[in-house]
Amino acid sequence: MLLEIRDLRTHYQIEKGTVKAVDGVSFSIGEDEVFGLAGESGCGKSTLIRTIMRLIPDSARVTADRLSFRSQDLLSLSDKEYRERILWKEISLVPQSAMASLNPVHRVGDQIVEAILAHSRMGRREAAQRARHLFEVVGLQAGLTKSYPHEFSGGMRQRAMIAMSLALDPSLIIMDEPTTGLDVLVQERILRKLAEIRQQVKKKKAILLITHDISVIAEMSDRIGIMYAGRLMESAPALDVFNEPYHPYTLGLKNAFPSIKAMDKELISIPGSPPNLIDDLPGCVFSARCPFAIPECDVRRPEFKEIKPKHFAACIRTDRVQEFRKLAGEKETWISSRSKG
Amino acid sequence: MDILEVEGLRKYFYLDPGFLAKLVTRKKPSVIKAVDGVTFSIRAGEILGIAGESGCGKSTTCTMITKLLDPTAGVIKYKGRDITTLNKQEVRDYRKQVQIVFQDPYESLNPRFTVFDQVAEPLRALGVGDKVEVRERTLDTLELAGLVPEEYKDRYPHQMSGGERQRVGIASALVLSPELVIADEPVSMLDVSIRAGILDLIRDLSKRLHFTCIFVSHDLSILSNISERLMIMYLGKVVELGMIREVIANPLHPYAQALISAVPIPDPSYKRPRPNIKGEVSQPIDPPPGCRFHTRCPQGTMEKCELEDPPFKEIQPGHFAACHLY
């Protein structure tokens, strides 16, 4: 396994209590694998990657049974060791907003060169050569390295960020909403380019893809994780998540997502809203919105267990999933659920 | 019956090259042709979806329909009457009939207004009804928007979720009982699990309250769920218009074909054909003659495409496109 995460928790202490932004998440990513992590705003997916990338404030409390990269424990590394050994060389990040991430007063190429110089022994000339090469890899003309960020369109900026993430040939690229806010045709070209790059480059590249867009996840991922209120609800190979979901939240999301290939499908929303992560939630975090919840769900935290090979879900009622899958397709099921939206 | 007819609508913005540049050169200012000759009509009671990439002019078109921006040229007829020439009092009356639901429920609500004040504001601003009537209409509209009045009327925006806020936004658009509602990306800021509820609300209310709706979105999956007809715009022009099923299943314009095939499908087993399209969308600054799409068109181009602007015409019954192929 490339990246292994077991029972990762990132808690913030604030005046009113403890915000459990990430609360016991477990998954792993293999070499050359695309793991798609889907979740709605505030579910903790950004905190999760910031925890992996060490971009969270010192006040956050991070604990884990295991957080390792190629069997090396990441939590025991000092910040300096992490920067020298892991950042950029092994794990790189394509952040959510390319415009906000590029420095507006420096040429785009120079920013890539600086990143290379800061993290490797390459000389300036070699680094500049590399930046031009990377631009070509992502489908931008090498001459554009001399441009400033404002001269780029949204799609070009995103390509430049992908070029930068490839700078030191890492094995894992974390992409935070890489195409959110881009037009659909631009998104299409970025995603296609990404697939192409993974074929081209010699060193295998795993991707942790984070987005709220289930369609993008469906098309890109080998395996998918569904996150809600700081916890993983389900993770499984892509086809299984869509065809045989076990968690009621996944069933609900499937209902809510429109598709131009299923225009007759009636969309059903999930009533209610996510819980406040500051509250003590001894049971399942989804129980308040779940139409299949029983009293036990409110008090007992469901174990994130392997139901069949590679298919994990955190629900105590998976034995009745056949019935739930049928009921979940009906609107009445969700309207009559215990919560009111 | 058509409630709104738009004919040859244009909006040009001039880019001033600056005082010094004007002194030194005789260069004419560049023109952004944000909307450049748009013609369409909306039937009373329908939901018309408008799709297109950023910069295609869909929002500018709607802004002109709501009279927040004056067109450079063209006619907008509301119930047969040109609204570009209304006087002040007539504009006030028009505003009562045409309302907007905004994109971002985090930005569009006044943080100092309670839900009640927010929804009552249009009535007060346009002087509709006395205190009792304002109260009654406001509470009724909240109820319609799916918010229990007693529970929500005294809340402030920060005490509500995104979905609840958007319901407030919808309520304040509907409180004047408008006949035409323009919804500009009303669900793009909302989470997937609550989007369906807002779409249902707009659809149900349009039927119950008999209003016509223009639903603007960049997301064709959403439009395919809510709208009856679909209009696709590209660089200030309408390239295709027809019944949504027809347009999605059988798009005529090469741009519409590319756009539709680029929509990701939430099904890992579906192998989507990849669109074959060159380049990126440019800005509508000093556009070249001919079809605006000819530089990117995968169909290869005829000579005509570079010289003549293709007319927007009915290719099949009720299905219009602007392309020299037809």
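Below, read A as the first sequence line, B as the second, and so on, with proteins coming before strands; counting in each chain starts at 1.
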Check the pair A/K254, B/D267 against salt bridge (Lys or Arg N to Asp or Glu O under 4.0 Å), reporting the backbone distance first and the verdict last. CA-CA 10 Å; A/K254 257 186 78 181; B/D267 176 0; over 6 Å; no

Given a strict heavy-atom distance threshold of 4.5 Å, which part of A/L239 is in contact with chain B: side chain, backbone, both, or neither? both

Ranking B/D191, B/I260, B/L220 by heavy-atom pairs under 4.5 Å to chain A gives rank one to B/D191

Separation between CD1 of B/I222 and OG of A/S259, rounded to the nearest 0.5 Å: 12.0 Å

Around atom CD of A/Q141, are there more than 12 heavy atoms of other residues, nucleotides or ligands at under 6.0 Å? no

Spatial distance of atom CD (A/E188) from atom OG (B/S261) [nearest 0.5 Å]: 7.0 Å

If I measure from the heavy atoms of chain B, does A/Q187 come under 4.5 Å with its side chain, its backbone, both, or neither? side chain

Hey, mind stepping through B/D200 and A/L267 against side chain to side chain contact (heavy atoms under 4.5 Å, CB included) and telling me if it holds? CA-CA 8 Å; B/D200 277 351; A/L267 300 186; 5.6 Å; no

Evaluation steps, side chain to side chain contact (heavy atoms under 4.5 Å, CB included), between B/N225 and A/F257: CA-CA 10 Å; B/N225 184 262; A/F257 221 82; over 6 Å; no

Starting from the C-alpha separation in whole Å, work towards a yes-or-no answer on side chain to side chain contact (heavy atoms under 4.5 Å, CB included) for A/I270 and B/I194. CA-CA 6 Å; A/I270 305 175; B/I194 48 175; over 6 Å; no

Please report the C-alpha distance between B/I244 and A/M263 in whole Å, then the side-chain angles of each, then the deciding distance to 0.1 Å, and finally whether the side chain to side chain contact (heavy atoms under 4.5 Å, CB included) criterion is met. CA-CA 10 Å; B/I244 184 118; A/M263 289 173 56; 3.9 Å; yes

Would you indicate whether A/K310, at its atom NZ, is surrounded by more than 12 heavy atoms from other residues, nucleotides or ligands within a distance under 6.0 Å? no

OG-NE2 distance between B/S193 and A/H212, expressed to the nearest 0.5 angstrom: 11.5 Å

Is there a donor-acceptor contact under 3.5 Å from the side chain of A/D183 to the main chain of B/E53? no

Report yes or no: does A/E219 contribute a side-chain atom to a donor-acceptor pair with the main-chain N or O of B/I265 at less than 3.5 Å? yes

Examine whether an atom of B/R245 lies under 4.5 Å from a heavy atom of chain A, and if so say whether it belongs to the side chain, the backbone or both; otherwise answer neither. both

Which atoms of A/M220 are under 4.5 Å from chain B, going by heavy atoms: the side chain, the backbone, both sets, or neither? neither

Can B/R195 and A/E40 be counted as an ion pair, charged N to O under 4.0 angstrom? no

Look at B/I277, B/I248, B/V148 and state which one has the largest set of heavy-atom pairs under 4.5 Å with chain A. B/I248

Could you give the distance from CE (B/M189) to OG (A/S41), rounded to the nearest 0.5 Å? 9.5 Å

Only pairs of heavy atoms separated by less than 4.5 Å count here; which of B/A196, B/G197, B/S269, B/P268 has the most with chain A? B/P268

